[in-house]
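Worth knowing before you read on, the calculation uses all heavy atoms, side chains too, and leaves out hydrogens, waters and symmetry mates. As the structure is a computational prediction, the values presented were derived from the model and not from experiment.
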Amino acid sequence: MDAKLLFLPLALGLSVAPTAAVFPKTLGIYPSLPRLQLADTRLETGARSILVNPVPSDLQVTLELDRRGSNPIYRPGEPIRLTLSTNRDAYVYLFSIQADGRTHLILPNPFSGGEEFLRAGEVRTFPPPGASYRLTIAPPFGQAQVLAVASPRPLNFQEIVAFEEGGSFARVQVEGSRLGDAIARAILVEKIPAREWATTTRFYRVAPR
């Protein structure tokens, strides 16, 4: 990759990645997922709760933004950095949910080298220090969020993610309000017990300069 910095808009689907870029092998070719009934998962969905585990989990995932506060303000063109850690070995996935409901899977991505697996206690910053790219804020304006999902086994999101032409990150083909059901489906397919997966969300606002 070119040594110069690439600026990847976090809230917008503009791309600097080649359209042929693919996810790491953990998100490779899978058989079609069976249709499942999710009525008993007791998931809470809504503006502030995309996916909540209904029982206490032994796995904990921590997600922090590089600005303090429960809902910090970012403006277009400003960089943003995310920090992840887990208390147990886990595969971690990050979803960026825009103010208009459009969603992108931002980890794993073509630039991360498949490094979505975290060891217990490991702290990882995204983008990492010295990376040849940066995440920058872009419209739409309003309430946005980043959702982290941690699982002891890889999850298959093949049926809901796809690269748009010229896209840096994979577009999730469901809006934020339906993302919880899609993630729950992947968890059910892998038969992951309720005590072994976790999510956390961080909110931020995109405001005009």
**OP:** Before giving the answer on side chain to side chain contact (heavy atoms under 4.5 Å, CB included), spell out for Tyr204 and Leu65 the whole-Å C-alpha distance, their side-chain angles and the decisive distance to 0.1 Å.
**Re:** CA-CA 9 Å; Tyr204 65 95; Leu65 306 181; 3.9 Å; yes
Original post:
Can you check side chain to side chain contact (heavy atoms under 4.5 Å, CB included) on Leu107 and Leu105, steps first, answer last?
Top reply: CA-CA 6 Å; Leu107 185 71; Leu105 180 63; 6.0 Å; no
Subject >> Test log, rule side chain to side chain contact (heavy atoms under 4.5 Å, CB included), inputs Thr201 and Leu63 >> reply: CA-CA 7 Å; Thr201 306; Leu63 170 64; over 6 Å; no
Subject >> Trace of the side chain to side chain contact (heavy atoms under 4.5 Å, CB included) decision for Asp58 with Glu196 >> reply: CA-CA 6 Å; Asp58 296 329; Glu196 294 187 10; 5.6 Å; no
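Minimum interatomic distance between Asn156 and Ala186 (heavy atoms only, all atoms of both residues): O-CB, 3.7 Å. In plain terms, the two heavy atoms of Ala198 and Ser57 that are nearest each other are CB-OG, 4.2 Å. Across Ala150 and Val61, no two heavy atoms sit closer than the pair CB-CB, 3.8 Å. The two atoms that bring Pro79 and Asp66 nearest to each other are O-OD2, 4.1 Å, heavy atoms only.
Between the side chain of Arg81 and the main chain of Thr125, no donor-acceptor pair closer than 3.5 Å is present. Judged purely by atom type and a 3.5 angstrom limit, Ser96 has no side-chain atom pairing as donor or acceptor with the backbone of Leu94.
Contact check for Phe95 versus Leu179: side-chain heavy atoms found under the 4.5 Å cut-off. The side-chain heavy atoms of Val206 and Pro140, taken from C-beta on, include no pair separated by under 4.5 Å. Glu116 is not listed as a side-chain neighbour of Pro154, based on a closest heavy-atom distance of 4.5 Å or more. Side-chain contact between Gln98 and His104: present, with at least one pair of heavy atoms (C-beta onward) separated by less than 4.5 Å. Annotation: side chain of Tyr93 is in contact with side chain of Pro108 (closest heavy-atom distance under 4.5 Å).
Taking hydrophobic clusters as Ile, Leu, Val, Met, Phe, Trp and Tyr residues chained together by side-chain heavy-atom distances below 4.5 Å, Leu59 does not share a cluster with Leu188.
Ion pairing of Arg134 with Glu78 is absent here, as no side-chain N (NZ or NE/NH1/NH2) approaches a carboxylate O to less than 4.0 Å.
Rounded to the nearest 0.5 angstrom, Ile97 CD1 and Gln143 CD are separated by 10.5 Å. Note that CG of Leu135 is 5.0 Å distant from CZ of Phe126, once rounded to the nearest 0.5 Å. A distance of 6.5 Å separates CD of Glu64 from OG1 of Thr62, quoted to the nearest 0.5 Å. If you take CG on Asp89 and CG on Leu118, they are separated by 9.0 Å, rounding to the nearest 0.5 Å. Rounded to the nearest 0.5 Å, atoms CZ (Arg119) and OG (Ser85) are 15.5 Å apart. Atoms CG and CZ, from Leu84 and Arg124 in turn, are 8.5 Å apart once rounded to the nearest 0.5 Å.
With Tyr91 as the aromatic partner, Arg153 does not meet the cation-pi criteria of under 6.0 angstrom to the ring centre and within 45 degrees of the ring axis.
If you look at Phe141 and Tyr74, their ring centroids are not closer than 6.0 Å.
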